[in-house]
Amino acid sequence: MPELPEVEHAVRRLRGWIATRAIVRAEAHHKAIRRTLTPRRLASLQGRAVRDVSRRGKHQFVHLDDARVLHVHFRMNGDWAWVAPGADAPRHVRLTLHLDDGARVVLTDSRALATAVLLDDVAPVLAELGPEADDPALTPRAFHAMLAGKRTPIKVALLDQRLLAGVGNIYATEGLWHARVDPRVAAGALTLAQARAVLTGVRKALGRGMRREGRYAEGDSHEFLVYDREGAPCRHRDGGTIRRIVQGGRSTYHCPRCQRR
DNA sequence: ACTAACCTGGTC
DNA sequence: GACCAGGTTAGT
């Protein structure tokens, strides 16, 4: 369930579990993970101490004491779980890190799209990412300039990790609703005021997500303001009805009444 | 800018 | 059985 808030909280949990530990053994349980973490690479993790865990966008980096980095991306369904010594592992475990305190940290992923790669250098990964959405150095003016000339719809542009790192389908959708901007508008056609509103809106949505650790959905219901609310009344109380459209193969929800170009 | 692909599971 | 899924990339 990973977008930036979820990944940030996953990193904090993972850091608490393994930051001062060493990896005793590593196992891959799915062929998709074995493609990058070969038996030889898994064996090379044995005995490595973990220095720290960091995040950029939705990318996670486990820094090892030999300067290598385990680069993990949750994609659609990845998550970390901690397993007590001797306890049963949860379902859908794709990677197990056995720790020197007898516990295990496992990468769970029902859909098996998550990736785990050993890197000598994180620079090539970072080079592909734009600024963090909440980077205070990113001003509305700078954001507006980044959108200049882009003919792609603003909703699709927001999902481009080279533009902003960490914004996913839910927060792009929610952010545009906060900003009252039509998701179909060409990114380059936004006024400075609209660009400012979109940046503020995305940050507001991410802030909401951070406060709930990304856990918007509880049981059958959720607390999204537009996402997954097709046919429901707009929460701006303007009498509009939320519509679902598809952009770039992804669902977008918006209120035709208040989200104007 | 859309489609398929990577994968599996849940829901109508 | 069909369609949906909070991501990303490669190839039209």
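What's counted below: heavy atoms across the whole structure, side chains too, no hydrogens, waters or symmetry copies. Labels below follow one simple rule: chain letters A, B, ... track the order of the sequence lines, proteins then strands, and each chain is numbered from 1.
- Contact annotation for Arg151(A): backbone-only contact, meaning every heavy-atom pair under 4.0 Å involves sugar-phosphate atoms and none involves a base.
- Distance, His59(A) NE2 to dT8(C) C1': 9 Å, rounded to whole Å.
- Residue Thr115(A) is classed as having no contact, given no heavy-atom separation below 4.0 Å to the nucleic acid.
- Between the CZ atom of Arg250(A) and the C1' atom of dA4(B) there is a distance of 14 Å, given to the nearest Å.
- Here the separation of dC7(B) from dG1(C), taken at their P atoms, is 23 Å to the nearest Å.
- Classification of Arg260(A) and Asp182(A) as a salt-bridged pair fails, no side-chain N sitting under 4.0 Å from a carboxylate O.
- The CD-P distance, from Glu230(A) to dC3(C), rounds to 16 Å in whole Å.
- When rounded to the nearest whole Å, the span between CZ of Phe224(A) and P of dA5(C) equals 12 Å.
- Atom CD1 in Ile33(A) sits roughly 16 Å away from atom P in dC6(B) (whole-Å rounding).
- Protein atom OH of Tyr227(A) is 12 Å distant from nucleotide atom C1' of dG7(C), rounded to whole Å.
- If you check dG7(C), dA5(C), dT8(B) against the side chain of Asn169(A), the one that comes closest is dG7(C).
- Between Trp82(A) and Trp17(A), the ring-plane angle classifies as tilted under the 30° and 60° cut-offs.
- dC7(B) is unpaired under the Watson-Crick or G-U wobble criterion, no partner having all donor-acceptor distances under 3.5 Å.
- Closest contact between the side chain of Leu113(A) and the listed nucleotides dG7(C), dA1(B), dG9(B) involves dG7(C).
- Comment: Arg203(A) does not engage Asp134(A) in a salt bridge, judged by the lack of any side-chain N to carboxylate O separation of less than 4.0 angstrom.
- Note: His71(A) and Phe61(A) have parallel aromatic rings, judged against thresholds of 30 and 60 degrees for the angle between ring planes.
- Within the nucleic acid shown, Arg244(A) comes within 4.0 Å of sugar-phosphate atoms alone, with no base atom in reach, counting heavy atoms only.
- Atom pair Phe74(A):CZ and dC7(B):C1' shows a separation of 17 Å (rounding to whole Å applied).
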